[in-house]
Every structure is written in C-alpha cells, then in structure tokens.
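One-based numbering along the sequence shown.
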Amino acid sequence: MKEFNINSLVRKNILELQPYISFRDTNEFENPVLLDSNESPFGELNRYPDSTQKELKQKLSEIKNISASQIAVGNGSDELIDLIIKVFCEPKKDSILMMNPSFAMYGFYASINENNVVKLNLNENFEIYKDEFLNIIKENQLKIFFLCSPNNPTGNCIEDIEFYIKNFNGIVVVDEAYIEFSGKKSCTELLEKYPNLIVLQTFSKAWGMAGTRVGIAYSSQEIIKLINTVKAPYNVNSLSLNKIIEIINKQEVVNSNIENTLNEISWLKNEFQSVKCIKKIYPTNANFFLIEFENVEKVYDKLLKNEILTSKRSPQIPNCIRINVGNRKENTQLIQVLKSI
Ligand SMILES: *Cc1c(COP(=O)(O)O)cnc(C)c1O
C-alpha cells in the first residue's frame, strides 16, 4: 500500500470541524415517537430523509463489494466534486489539476472556492503525455488531480490510470461517469492499494436517473468521513433515495438500456459513413460521439434549426461537436439532417 498521510492534505478547519450528526439516524429504535426535528406529524413526505443514506449504501456495498463505510452519496457527483475540493483545497492558496479538454465542472467548483486550476493538455488522440504529467506535477504544488475516464467530451478511456494515482502526491479523483458503457474495469478495485484515490460514479448516465441527482464516491474510510463531514446533512432527498433503490433492484432493465445504447452506437457509426460533412469520428467508450466536421458552424446551426440540440466544442476542440446517442427515432432524425447538409 502507498504510504500516505491524508490528514496532511486536509484543510485545518475541516479537520477541526464537528460533523452534524443526526441522533435518530445513528441509533436503533423499534417504534420511535419523533419529536426531535420540528417536522410536521402530518403528510407523506413530512420526515427528513436518512442523512446517512444507510439503505442505499447497503445495496451499493453488496453489488460493488465495497464496505458501506467507504461510500459517500451526493446530490449528483457534481456535489461530490464540490465537497472534495472543499475538504482539501485552501481558498486562494491551493491548486487542482485537470485534463484539457475534460469535464468543465472541476474548474467551475475550484474557481468558486478560489482555487487555481492547472490544465494538463491531452495529445491529438486525447491521451495524457506521461512526461508532460510528470513535469507539471514537479513544477506545481497540486492538491487534487481530476482524471475523467471515459473522458467527457472526448469519449476515450485514459490508459494506465494506475500510473497517475501512483505518481501523484495528492488526491486523485477518477471520474467514472461513463464507465458502464466502456466495458472497462472500475478503479474501485485499486482502492485497497491507494489511500489517495477517490472514484466517482453517477446514476445520471447509464442508469437513466439524471432527474434524481444522485452520485456516489468510493474511497478510504478516512476520506469518506471527511466528505460526510462537509456535506449538508440532508443532501439527498427521500424521493430520490427511494427511486434509486428501486432502480438498483431492476438492474436487468438498466443493463438492457445500456445494451440498447451500445447497439445504437454501432448503428450510428455505420450511418455516419455516408454523411459527407463528417471529417473524423473519434473512437468512443461512452454514450456520445465527438465528431469533427468540414464546416462546424453550418452543421451546428442546421441541427439547431431542426431543433436537434448538440454540444458544440469548437473552438476549444476545433471543428468538433459532441453528440449524445439517443433512441432510434432520435438518431434517425439526426442522420437525416446530417445527410441533408
Ligand atoms: C455527466 C457527468 C457527471 C455527472 O454528474 P451528476 O452530477 O452526477 O449528474 C460527472 N462527471 C462527468 C464527467 C460527467 O460527464
């Protein structure tokens, strides 16, 4: 196991912070009379949700084979990104590292917390240059590295993730928002080996539950405890928690939806062959394509005129649009418009 003193990375005020602990959620009762939280005794949703999200963690613990004490639940993984920065980064002092291009929210939350954002430029295949990584970590004091794989908006998996976890002298957050589409193994299997690792997953993409806003962090007990210390006590509402537990019990539906998306990816790849304005289709391990066009403005506007919304990545990624994989009807509409250009 990697030698690591987590506490030396944590902000002092967070180490000293007393977590808000709900007495009712951390003790066992048979049939309690609840007069402790000033709720209404009437109605269906009158009670606060379980601040410890016990039932969901128990379920996840079983399906992922990870201790419940190594799981934190967030209001989307967005909240977890924010909380992780708050735990480790001193405002106006500490810096984070992120890949470029990658998911904008790492920089967004770092900026809100007044932390500096250092960018690690990817190569033409959107891979990391290891030498560039080693240089950047030598030249900068960095607290957190946000490593997104499969990466958004490029769609590819990052190779040899363990190298970056091993060599980074801080916290490495591996964001696996699209892992279910990739067929790749989760980095959760590296948790035993690396106490500086946090793995993020979400119910927003493959699980089809973006509306519930539920994301998960897997890490060491110590880091999970710190995340739980800074989170709002009732950060995930009871409607969402119940819906997520329902969907976990219907994993076969989720699996068939993933299968369906993978089929649509093959179908689209084939259809793209006869679209003239496409210059390059980047390989994808996620549920979207990054595509380079001959005339990106024209393509984007034409799609928009037809009320097909896509994500223009130009000029940051020259001439590229990120296009989500929809259902067959949506994908057919997309192809029809693209072929008409
Ligand atoms: C969509 C996405 C998320 C998910 O965020 P939620 O807040 O859980 O909806 C996280 N990371 C990346 C890279 C994403 O693309």
Please walk me through it: do Thr52 and Asn228 pass side chain to side chain contact (heavy atoms under 4.5 Å, CB included)?
CA-CA 9 Å; Thr52 65; Asn228 285 332; over 6 Å; no
Non-hydrogen side-chain atoms of Leu97 and Phe133 separated by less than 4.5 Å
yes
Rounded to the nearest 0.5 Å, how far apart are CZ of Phe103 and CG of Asn151?
10.5 Å
Tell me if the NZ atom of Lys54 is crowded by more than 12 foreign heavy atoms within 6.0 Å.
yes
Check: Asn287 main-chain N/O paired with Asn324 side-chain donor or acceptor under 3.5 Å:
yes
Measure up the Phe29 and Phe23 rings against each other and bin them: parallel (under 30°), tilted (30 to 60°), perpendicular (over 60°).
tilted
Among the clusters formed by ILVMFWY side chains lying less than 4.5 Å apart, do Leu290 and Ile335 turn up in the same one?
yes
Evaluation steps, side chain to side chain contact (heavy atoms under 4.5 Å, CB included), between Arg213 and Asp78:
CA-CA 9 Å; Arg213 308 300 301 120; Asp78 264 33; 4.0 Å; yes
Above 12 or not: heavy atoms from other molecules or residues under 6.0 Å from CD of Glu55?
no
I'd like to know if Val214 and Leu45 are part of one continuous hydrophobic network [Ile/Leu/Val/Met/Phe/Trp/Tyr, side-chain heavy atoms within less than 4.5 Å].
no
State whether Glu294 and Lys276 are salt-bridged, where the test is any N-O pair (Lys NZ or Arg NE/NH1/NH2 against Asp/Glu carboxylate O) under 4.0 Å.
no
Take Thr202 and Leu200 through the test side chain to side chain contact (heavy atoms under 4.5 Å, CB included) and record every step on the way to the result.
CA-CA 7 Å; Thr202 180; Leu200 294 182; over 6 Å; no
Can you confirm whether Tyr106 sits close enough to Met99 that some side-chain heavy atom of one is under 4.5 Å from a side-chain heavy atom of the other?
no
Between Asn306 and Lys302, is there a donor-acceptor pair closer than 3.5 Å when you use the side chain of the first and the backbone of the second?
yes
Neighbour count above 12 (heavy atom, 6.0 Å) for Lys298 NZ
no
Test item: Asp175 side-chain N/O and Ala177 main-chain N/O as donor-acceptor pair under 3.5 Å
yes
Check: Asn319 side chain, Phe293 main-chain N or O, donor-acceptor pair, under 3.5 Å:
no
Within 45 degrees of the ring normal and closer than 6.0 Å to the centroid, is that where the cationic atom of Lys205 sits relative to Phe181?
no
Grab the two heavy atoms, one from Ile96 and one from Gly107, that are nearest each other, plus how far apart they are.
CD1-N, 4.5 Å
For a side chain to side chain contact (heavy atoms under 4.5 Å, CB included) check, start with the C-alpha distance between Leu262 and Ile258, then their side-chain angles and the critical distance, and finish with the verdict.
CA-CA 6 Å; Leu262 295 175; Ile258 294 170; 4.1 Å; yes
So, the side chain of Ser204 versus the backbone of Met209: is there a donor-acceptor pair under 3.5 Å, distance only?
no
So, Asn331 side chain and Ile265 main chain: donor-acceptor pair closer than 3.5 Å or not?
no
Check: Thr332 and Lys329 side chains under 4.5 Å, non-hydrogen atoms:
no
Mind telling me whether Phe126 and Tyr282 have parallel, tilted or perpendicular rings, with 30° and 60° as the class edges?
tilted
Pairing of Glu292 and Lys279 as salt bridge, 4.0 angstrom limit
yes
Hey, could you give me the CG/CD1 distance between Asn121 and Ile136, rounded to the nearest 0.5 Å?
7.0 Å
Side chains of Tyr20 and Lys231, heavy atoms from C-beta outward: is any pair under 4.5 Å?
no
Is the cationic atom of Lys143 (NZ for Lys, CZ for Arg) positioned less than 6.0 Å from the six-membered ring centroid of Phe88 and within 45 degrees of its normal?
no
What pair of heavy atoms forms the shortest contact from Gln201 to Ser186, and how long is it?
NE2-OG, 3.4 Å
Do the side chains of Asp94 and Arg11 get close enough for a salt bridge, i.e. N-O under 4.0 angstrom?
no
hydrophobic_cluster_shared for Ile85 and Leu15, side chain cutoff 4.5 Å:
yes
Do Lys12 and Glu90 sit within salt-bridge range, that is, some charged N less than 4.0 Å from a carboxylate O?
no
Please tell me if the side chains of Glu297 and Lys312 come closer than 4.5 Å, counting only heavy atoms from C-beta onward.
yes
Atom CG of Leu122 and atom OG1 of Thr154: how far apart are they, to the nearest 0.5 Å?
6.5 Å
Are more than 12 heavy atoms from other residues, nucleotides or ligands located less than 6.0 Å from atom OH of Tyr48?
no
Salt-bridge test for Lys305 and Asp301: reply yes if a basic N is under 4.0 Å from a carboxylate O, no otherwise.
no
Please round to the nearest 0.5 Å and tell me the distance separating atom CG of Leu34 and atom CG of Asn46.
9.0 Å
Cluster overlap Leu334 with Trp267, hydrophobic side-chain contacts below 4.5 Å
yes
Between Ala72 and Ile224, the two heavy atoms sitting closest are N-CD1, 3.7 Å
Rounded at 0.5 Å granularity, tell me how far CD1 in Ile323 sits from CG in Leu309.
11.5 Å
Quick one, Cys187 and Glu176 - any side-chain contact, counting heavy atoms below 4.5 Å?
yes
Under a plain distance cut-off of 3.5 Å, with no hydrogens placed, do Glu222 and Asn7 share a side-chain donor-acceptor pair?
no
Smallest heavy-atom separation, Val173 atom then Ile144 atom, equals CG2-CG2, 3.7 Å
Glu62 with Lys59: basic N within carboxylate O range, under 4.0 Å
no
Treating Thr310 as the side-chain partner and Arg322 as the backbone partner, does any N or O pair qualify as donor plus acceptor under 3.5 Å?
no
Working to the nearest 0.5 angstrom, can you tell me the gap between Tyr164 OH and Ile137 CD1?
10.5 Å
Same cluster or not: Ile179 versus Ile71, using hydrophobic residues (I, L, V, M, F, W, Y) connected whenever any side-chain heavy atoms lie under 4.5 Å apart?
no
Is it true that a side-chain atom of Asn140 and a backbone atom of Leu142 form a donor plus acceptor pair closer than 3.5 Å?
no
Taking all non-hydrogen atoms of both residues, which atom of Asn196 and which atom of Gly170 are closest, and how far apart?
ND2-O, 3.0 Å
Does the side chain of Cys157 reach to within under 4.5 Å of the side chain of Pro150, using non-hydrogen atoms?
yes
Closer than 3.5 angstrom, by distance alone: can the side chain of Asn260 be matched with the main-chain N or O of Ser256 as a donor-acceptor pair?
no
Is it the case that the side chain of Asn75 and the backbone of Glu79 share a donor-acceptor pair, with hydrogens and angles ignored and the cut-off at 3.5 Å?
no
Can you tell if the side chain of Leu60 reaches within under 4.5 Å of the side chain of Ile248, non-hydrogen atoms only?
yes
Name the orientation class of the two ring planes belonging to Phe145 and Phe168 (parallel below 30°, tilted from 30 to 60°, perpendicular beyond 60°).
tilted
State, to 0.1 Å, how close Ala217 and Ile227 come at their nearest heavy-atom pair, and which atoms those are.
CB-CD1, 4.3 Å
Got a salt bridge between Glu39 and Arg24, using NZ or NE/NH1/NH2 to carboxylate O under 4.0 Å?
yes
